[in-house]
Each structure stands twice: as C-alpha cells, then as structure tokens.
Amino acid sequence: MSLSIYNSYSRKKEVFASITPGHVGMYVCGPTVSGESHLGHARPYISFDVVYRFLQAKNYKVRYVRNITDAGHFEEEGREAEDKVSTKAQLEKLEPMELVQKYTNLFHWAMKEFNCIEPSIEPTATGHIVEQIVMIEDIIAKGYAYVVNGSVYFDVKKYAAHHDYGKLSGRVIDELLEANNRTQVSRDLEGQDEKRDAADFALWKAAPPEHIMRWKSPWGEGFPGWHIECSAMATKYLGTSFDIHGGGMDLQFPHHESEIAQSTICNHTSPVKYWMHNNMITINGRKMGKSYNNVIKLTELFSGTHPLLSQPFHPMTVRFFILQSHYRSPLDFSNDALIASEKAFKRLWEAYENLKKLVPGSNENASDKELDEKVTQWLHQFEEFMDDDISTPKVIANMFELAPVINSIKDGLIKIDAIKVSTLQLMKERFTTFLENIFGLKSIDGATNEVLQPVMELLLEIRKEAKSKKDFATSDKIRNQLTAMGIVIKDEKDGNTSWNIA
RNA sequence: GGUCCUGUGGCCGAGUGGCUAGGCAGAGCUCUGCAAAAGCUUCCACAGCGGUUCGAAUCCGCUCGGGACCUCCA
C-alpha cells in the first residue's frame, strides 16, 4: 500500500516518503507562454495532474507549484522581435505582456478542457525578478558566478570540483568542459565568448538594445537566465528542499541540472528528493517539437483542423490516450491511435454509466465465488498499480476486464447476485474514485442538454409505438434521420432505448 | 562524435525469468423486425544472431534499426 516512484536522479524506483509527514511539495516546470501549446505539452500537465490527484487521494496535503515562464527572449510567431526604437506607434508595437497574456489564457483554457486541476500556486517569472536577482547575488557572493559585460554566468567548473554536476542527466562533466575545444561550435549564441567555459550557463543576460523585455539589475539592464526562475520560485514556495520535481525528459539537461547547481549553492542542500520525468510524445517516431516543425497545436487537435487529423478529438479522448501509456514510455501519436482511444474510452465510459445504474441484489453471498474473487482482485489492483510508479495503463486494462462483467450484469447475462452486494459497492466506489477523481476523466458526450432531453423522449416514444405496430418504415426513419444528425440510438434488451450524441 | 534510452502481433500499447495484459481493427457466433450496441469465441507477437539458465519478450554480448539529450524545447 505504499507508493513507489521512479527517481530519475537515482535511476531507481524508490519508496515514496515525504519530507514532512502528511504533506507533499511538488514543482512542475510549466509552459513558456511565447506560443501556443501543442499536444506534446499536454503530456506532463496531464501526467502530473494525475500524480497530484493520486497523492491527494492518498490523503496527502499537496502544494503543487507550476510556473509560467513569461520572461526571456520573446517574439511573436511569424513576426520578428521588433526594435524598441522603431518609429511605429506605441499600439502597433509588439507588447510582450500582450503576447504573454494571450498565450497564458490559451494555456489555461486548454488545461480546463483537459480537466486538469489548477496548481496551488502558479508563479510567473516576471513576477519574481527580485527573487531571482537576490539569488544571483547570493551565488556571486559565494564565488560560484562571475560578471562579464553586464551578464552573469554560473561557474560550472568550480561547482563540479565539489559537486556531481551531470548526475541527473548522466552527463560526464569533463566532456562538457571539453566542449570548449570543439571547433564545430556553430552556436552563434550571443555572449558565448564571454564565458570562461562553454559549460557555464547564464544567470542574467545583459539586454541588447533591441531586446524588448528588460529589467534593471545590479549588473545593468537585462533579463534572467533560463534556469534561475525555477530555482527561485521553488525555493520561495516549497522551501530549500522539497519532495517532487517534475517535467519533461528533455528538460533534464541543462535545465534541471542547472537548477540543482543553483539551489545547492544557495541553500547548501540538494533541492529535490524525487525527480520525475515524463517521456516525449512522438509523431511518426519523432519528438513533437517546434524545431522539428511537426507540432499539432491543441486548438487544431480539438477542432480537427490539422492535415494529419481526420476529425476533431475531444480533450477527454486525448487525456485517455495519454493515460493509456506509462508516463515514462515514449508515446507515438497517430490519427488512428487517437480514433482507437476514442472508441475505447466511449466503451469504457458507457460501462461505467451502466455500473452506476446497477441495482444491488439482496444476497450477501456470491453465487459465483470465482467471479466475485476475480472482480475483487481486479479492483484491489487499481491502487497497487498506481502505487507502482503510477501505472495508469494497467489500471485501465483492469477496467476493461471489468467492463464485460458490468455489461453482462446489465443485460442479465450474469445474475446480479453472482457477486456480493459489497463487491458491487466496491466496484462502484473504485470506478468513481479512479476514473473520475484520480484519472480526472469525464463524460465525452454532451447529451445532457435540457431542451433536447424531452424532445428525444417524445421521438423515442413515437418510435416505440410505431415499432409495436410493426411500422418499421416510421421507426427506421426516425432512427436514420437521427443518426444523420449525429445522434445514435440503441435498443436495449429491456425494451428501452438509449441515445447519445456521437 | 559523446551520453543515454529503445525495437512486442495490421495499428497503439502493458509486461517484475516460468502462468491471459488491455484497447482498436479482422473473422465467426448469440441477441435483434433490421441495425447499432452488448456478450461469447477466435486469428495474429516478442528485430536478428549467440550466451547464461531446468526455463528468457524479460538477464549478458554482438549486429541491424529507431529515438532523446549534448542548443530554446514538455
């Protein structure tokens, strides 16, 4: 009954024990709001939403911090970063905060669509410039950073002499330092020649005149480096050492490695007890990412307006699709895979709806002991599987084992008293807890329309009358026309007819 | 080039050395006025070659293939 999670830092599954009993501090790297979120972004936020929900289900009080990266080098997609001294009127100029607002709103919208619970705190980088500057000053004071031309760099070589820089990402420090000597350094990153060593990373960057986001600092006008915000905000809200830090695998290096270095110098302690990293979503076997130019934006996914998509996909379908694989495995996207997930999810959800309507029998003794035991075992495994490094696909597999049992009871193929009353109750409770509360899934169809409901009842009543008079022309007309409108009706075994919006 | 991960049936995906993953698709059957749905049954696997073992998809080695990171990146 105890949770084990795979710790990227030790590369082992470890039994989870929170630093403060009963409480968990969790930090997850949030989005950079300089562009629209795509399918790849959905994975960490859904995966860690499930972790968050599961920890809460295990009665932990969780403080979940997920940042918004809204500082840095900004330009609008398809539009060059504009010169601040351009002659354009104020309102025509690119206003960074306007962009940030737009994409933050879009991100929040997507998270809501995915039914992700909002984090406890969602700090922004721009709102914590002061904290970052203070932290950088501290690192300088401790001798692990140096200032060059208004920029500040972290001294990796000095740090690595006494700490294991590279451990998290499995990097060999000597090679990183040697990268210095590589001739094919084609990175024309500004300031590269200012560094003492190529492995050093920026804590603060001096802003060139055309840079539109800039703040005053002890070193001149500039903006924070790429890694300091997470260290500063995590420390502020979760303390110098906290339980879980999550994010995509692609952030392990250099981002998380650098976070460890910064925080370790400032706080004299390693910041994170358990590092959790989700794997990538691939498309045709390749990571979905801006640089590969193969992204499917969430807006395109939900609306079906991408060349690779044959139809729109409901956010719950996408969420289910992601939960069907383990968070540490790569997940290959395709239109067909999503269609399969959609069908699977609909079938599972319908079984769940059927389950909720089952009326318990009166027998406390199971007439089919073997079945009762199997059902009980499948149900108990829900938690066991989740305890084993959040194995959502295994839980889902068990749910699919149970679906035929539920449907058979509903259709009378299995008698209700084949299983104990208590087993049925457990089944209802477990399904609601895991499907709704922990997996965060909800119904996909919008058949709860209050106006439509009585209209449908009327239509189905007319059809029923026609059928009873063997007037199949009328009954089929109703069914076919409704199907054409996207409403599917099914004649149930008990003589009733159910319907839903496809 | 360096570090690491990975290769499961038509597709997607679990797999802790021995016992059914699961889903989608396919085939057959049951139910049904006909459908749909549901239920039952069924076909199709472990990249290749060696090795360890009583026994390997699972451990080791090699070969081939794929990917991630080394640069902003979930």
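Naming convention: chains lettered A, B, ... in sequence-line order (proteins, then strands); numbering from 1 in each chain.
Aromatic pair A/His277/A/His256: centroids less than 6.0 angstrom apart. Aromatic ring centroids of A/Tyr45 and A/Phe107 lie under 6.0 Å apart.
Nucleic acid contact class of A/Glu350 (heavy atoms, under 4.0 Å, all strands): sugar-phosphate only. Nucleic acid contact for A/Asp388: none, since no nucleic acid atom lies under 4.0 Å from a heavy atom of the residue. Nucleic acid contact for A/Met280: base, since at least one base atom lies under 4.0 Å from a heavy atom of the residue. Within 4.0 Å (heavy atoms only), A/Met288 reaches at least one base atom of the nucleic acid.
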Taking only N/O atoms, report every protein-nucleotides 24-26 of chain B pair under 3.5 Å with atom names and distance.
{"from": "B/C24", "atom 1": "OP1", "to": "A/Arg347", "atom 2": "NE", "distance (Å)": "3.1"}
{"from": "B/A25", "atom 1": "OP1", "to": "A/Lys343", "atom 2": "NZ", "distance (Å)": "3.1"}

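Between A/Leu323 atom CG and B/A14 atom C1' the separation is 14 Å, expressed in whole Å. Distance A/Leu168 CG to B/U3 C1': 13 Å, rounded to the nearest Å. The NZ atom of A/Lys467 sits 14 Å away from the P atom of B/A36 (whole-angstrom rounding). Rounded to whole angstrom, the span from the CG atom of A/Leu402 across to the P atom of B/G23 amounts to 12 Å. The CD atom of A/Glu401 sits 5 Å away from the P atom of B/G22 (whole-angstrom rounding). Atom CZ in A/Arg328 sits roughly 9 Å away from atom P in B/U6 (whole-Å rounding). Distance CG (A/Leu413) to P (B/A37): 17 Å, rounded to an integer number of Å. If you measure from atom CD1 of A/Ile414 to atom P of B/U30, you get 20 Å, rounded to the nearest angstrom.
The side-chain heavy atoms of A/Met386 and A/Thr392, taken from C-beta on, include a pair separated by under 4.5 Å. Contact check for A/Leu39 versus A/Met288: side-chain heavy atoms found under the 4.5 Å cut-off. No side-chain heavy atom of A/Arg66 sits less than 4.5 Å from a side-chain heavy atom of A/Tyr27.
A salt bridge links A/Glu383 with A/Arg430: the distance from a Lys NZ or Arg NE/NH1/NH2 to an Asp or Glu carboxylate oxygen falls below 4.0 Å. A salt bridge does not link A/Lys369 to A/Asp372: none of the charged nitrogens lies less than 4.0 Å from a carboxylate oxygen.
When distances are taken from the side chain of A/Phe253 to each of B/A74, B/C70, B/G33, the shortest belongs to B/C70. Among B/A21, B/A74, B/C34, the nucleotide with an atom closest to any side-chain atom of A/His38 is B/A74. Out of B/A14, B/A38, B/C12, the shortest distance to the side chain of A/His326 is found at B/A14. For A/Val488, counting side-chain heavy atoms from C-beta on, the closest listed nucleotide (B/G15, B/A36, B/G33) is B/A36. Side-chain proximity of A/Pro254 to the nucleotides B/A35, B/C70, B/A74 is greatest for B/C70. Candidate nucleotides B/C69, B/A35, B/A21 were compared by shortest atom distance to the side chain of A/Arg171, and B/C69 ranks first.
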Identify each donor-acceptor pair in which a side-chain atom of residues 393-401 of chain A lies under 3.5 Å from a protein atom, sequence neighbours left out, and give them as a table.
{"from": "A/Asn398", "atom 1": "ND2", "to": "A/Trp378", "atom 2": "O", "distance (Å)": "3.0"}
{"from": "A/Asn398", "atom 1": "ND2", "to": "A/Gln381", "atom 2": "OE1", "distance (Å)": "2.8"}

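When the side-chain nitrogen and oxygen atoms of A/Thr32 are compared with OP1 and OP2 of B/A74, one or more of them lie within a distance under 4.0 Å. Note on A/Asn407: a side-chain N or O is less than 4.0 Å away from OP1 or OP2 of B/G39. The side chain of A/Ser329 contributes an N or O atom lying less than 4.0 Å from OP1 or OP2 of B/A14. Between A/Tyr292 and B/A68 there is a side-chain N or O to OP1 or OP2 distance below 4.0 Å.
For B/U42, the paired base is B/G26 (Watson-Crick or G-U wobble, both distances below 3.5 Å). Taking a pair to require two hydrogen-bonding distances under 3.5 Å in either a Watson-Crick or a G-U wobble arrangement, B/C69 pairs with B/G2. For B/U53, there is no paired nucleotide, since no Watson-Crick or G-U wobble pair has both relevant distances below 3.5 Å.
Closest of all the heavy-atom pairs between A/Asn7 and A/Tyr274 is ND2-CA, 3.7 Å.
Contact annotation: side chain of A/Lys287 to base of B/C73, donor-acceptor pair present below 3.5 Å.
Nearest-nucleotide assignment on RNA chain B puts the 5′-proximal partner with A/Asn398, out of A/Asn398 and A/Ser408.
The stacking criteria are not both satisfied for A/Tyr45 over the base of B/A74, which would need a centre-to-centre distance under 5.5 angstrom and an angle between ring planes under 30 degrees.
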